[in-house]
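For reference, positions follow the sequence shown, starting with 1.
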Amino acid sequence: MKKTILLVLLTLGTFSFAQEQEQEQTPSKKWFLGVGFNLMNNNALDENEFFSLKDANVIPMISAFTVQRKWDNNFSVAGQFFLNQYNAKNMHDGKTIAKSLTYTSANLNAMYTFDQHLVDVKWFDATVIGGLGAFWADKTSNYSFNTGLAFDFWVSKDVALRLETQGKFAFDEKSPSTNHIVHSFSVILPIK
């Protein structure tokens with residue numbers, strides 16, 4: 001019983017403190033839209049070449065979409081959609097595949113912006129990412145735990161350029177839908 005009362009008091013104290021801080025930390029814009037391009041590498045984890053472009057899969061069109069909701073200056077949630085392909089010319093998990101396959105991915109990620117602990121400048125945001133995703137290679141589906149980093153460079157108060165890297169760790173190791181890395185470059189705009 002004492003533990004329950006202590007837990008309730010701590011929760012109420014935290015909630016009260018958060019309400020006081022909310023006015024100072026709530027950003028003026030809460031919703032953001034991002035569009036851009038992505039590179040997907042399904043061979044980097046096997047060869048420990050996380051930023052290698054040798055086996056990068058890319059399509060020549062807009063292929064990364066983000067909708068982000070900021071709760072305060074540090075915490076936000078983002079829904080993302082990536083479109084790409086498993087190119088038959090590239091290695092996938094150390095093997096080749098017979099034909100190119102369409103790749104799609106939908107993700108829901110929590111984001112924590114931490115750059116103010118290192119350097120507090122208005123033109124730069126560094127964010128750690130963690131969440132869950134679902135992805136498909138043609139009709140073969142899989143799920144993933146996502147983790148990564150995003151760096152936003154604000155070129156004006158309403159436009160940012162985002163460089164992002166996510167490791168997607170598959171729940172099921174069925175080829176070619178296994179662990180992979182997605183790098184993306186997006187333009188981020190506030191929408192509300």
Side-chain angles (χ1 to χ4, degrees), residues 6-41 44-45 48 50-51 62-84 104-135 142-171 179-192:
L6 182 61
L7 182 62
V8 169
L9 290 174
L10 283 172
T11 304
L12 289 174
T14 303
F15 180 74
S16 299
F17 178 75
Q19 293 300 314
E20 290 174 14
Q21 297 297 315
E22 184 177 359
Q23 291 177 347
E24 296 174 12
Q25 294 186 357
T26 302
S28 59
K29 303 286 185 176
K30 294 185 180 185
W31 288 94
F32 296 83
L33 178 66
V35 293
F37 303 92
N38 77 80
L39 302 167
M40 185 264 296
N41 192 328
L45 294 173
N48 292 325
F50 305 112
F51 297 98
I62 292 176
S63 57
F65 305 90
T66 302
V67 175
Q68 181 178 344
R69 168 62 157 96
K70 281 194 167 230
W71 298 105
D72 61 28
N73 286 333
N74 300 104
F75 292 100
S76 59
V77 175
Q80 292 181 307
F81 178 77
F82 295 126
L83 178 64
N84 210 312
T104 53
S105 173
N107 308 288
L108 183 62
N109 294 321
M111 304 175 75
Y112 177 74
T113 303
F114 65 89
D115 62 279
Q116 73 280 2
H117 301 298
L118 306 172
V119 57
D120 194 13
V121 293
K122 294 188 183 293
W123 58 268
F124 176 72
D125 290 327
T127 304
V128 65
I129 300 166
L132 298 172
F135 61 98
N142 206 338
Y143 301 95
S144 66
F145 170 73
N146 308 329
T147 185
L149 290 170
F151 300 107
D152 293 350
F153 300 90
W154 291 92
V155 294
S156 76
K157 70 176 189 170
D158 290 329
V159 177
L161 303 178
R162 176 175 291 171
L163 297 175
E164 183 175 327
T165 295
Q166 283 186 46
K168 296 177 64 62
F169 299 92
F171 288 3
N179 300 338
H180 58 284
I181 293 177
V182 177
H183 305 291
S184 62
F185 173 77
S186 300
V187 176
I188 305 296
L189 304 166
I191 55 176
K192 190 174 180 185

ask   = So, for V182 and N38, which heavy atoms are closest and what is the spacing to 0.1 Å?
value = CG1-CB, 3.9 Å
key: Spatial distance of atom CD (E164) from atom OG1 (T127) [nearest 0.5 Å]   = 9.0 Å
Test item: D125 and W154 side chains (from C-beta on) under 4.5 Å apart, heavy atoms = yes
request  = Could you go through the side chain to side chain contact (heavy atoms under 4.5 Å, CB included) check for Q166 and F82 one step at a time?
outcome  = CA-CA 12 Å; Q166 283 186 46; F82 295 126; 4.1 Å; yes
query = Within the side chain of S156, is there an N or O that forms a donor-acceptor pair under 3.5 Å with the backbone of D158?
reply = yes
query = So I129 and T147, side chain to side chain contact (heavy atoms under 4.5 Å, CB included) or not? Walk me through it.
reply = CA-CA 5 Å; I129 300 166; T147 185; over 6 Å; no
request  = Working to the nearest 0.5 Å, report the span between CG of L39 and OG of S63.
outcome  = 8.0 Å
ask   = Residues in ring pair (Phe, Tyr, Trp, His ring centres under 6.0 Å) with F114, at least two apart?
value = none
ask   = side-chain contact (heavy atoms from CB on, under 4.5 Å) with V121: which residues, sequence neighbours excluded?
value = V119, W123, F124
remark   = Nearest heavy-atom approach of H180 to M40 is CD2-CG, 3.7 Å
query = Can you name the salt bridge (Lys or Arg N to Asp or Glu O under 4.0 Å) partners of D152, sequence neighbours left out?
reply = R162
request  = Measure across V128 and L149 and return the closest heavy-atom pair with its distance rounded to 0.1 Å.
outcome  = CA-CD2, 4.0 Å
note = K168 and G133 have their tightest heavy-atom pair at NZ-CA, 4.2 Å
query = Taking atom OG1 of T66 and atom CZ of F32, what is their separation to the nearest 0.5 Å?
reply = 12.5 Å
message = Please evaluate residues N73 and T113 with respect to the criterion side chain to side chain contact (heavy atoms under 4.5 Å, CB included), reporting the C-alpha separation (whole Å), side-chain torsions for both, the decisive distance (0.1 Å), and the verdict.
response = CA-CA 7 Å; N73 286 333; T113 303; over 6 Å; no
key: F185: partners by ring pair (Phe, Tyr, Trp, His ring centres under 6.0 Å), with sequence neighbours left out   = none
task = Dump the intermediate steps for side chain to side chain contact (heavy atoms under 4.5 Å, CB included) on D115 and F151, then the final yes or no.
result = CA-CA 9 Å; D115 62 279; F151 300 107; over 6 Å; no
inquiry  = Within this structure, what is the CZ-CD distance for the pair F65 and Q80, rounded to the nearest 0.5 Å?
reply    = 12.0 Å
message = Once rounded to the nearest 0.5 Å, what's the spacing between atom CZ of F169 and atom CG of N179?
response = 6.5 Å
ask   = Is there a donor-acceptor contact under 3.5 Å linking the side chains of S144 and N146?
value = yes
message = Looking at F81, I want to see if its CZ is surrounded by more than 12 non-hydrogen atoms of other residues, nucleotides or ligands under 6.0 Å.
response = yes
Side-chain touch N84/F135, heavy atoms, less than 4.5 angstrom = no
remark   = When rounded to the nearest 0.5 Å, the distance separating CD1 of I181 from OG1 of T165 is 7.5 Å
query = Can you name the side-chain contact (heavy atoms from CB on, under 4.5 Å) partners of F75, sequence neighbours left out?
reply = D72, Y112
request  = Could you pull out all residues at least two apart from F37 that satisfy ring pair (Phe, Tyr, Trp, His ring centres under 6.0 Å)?
outcome  = none
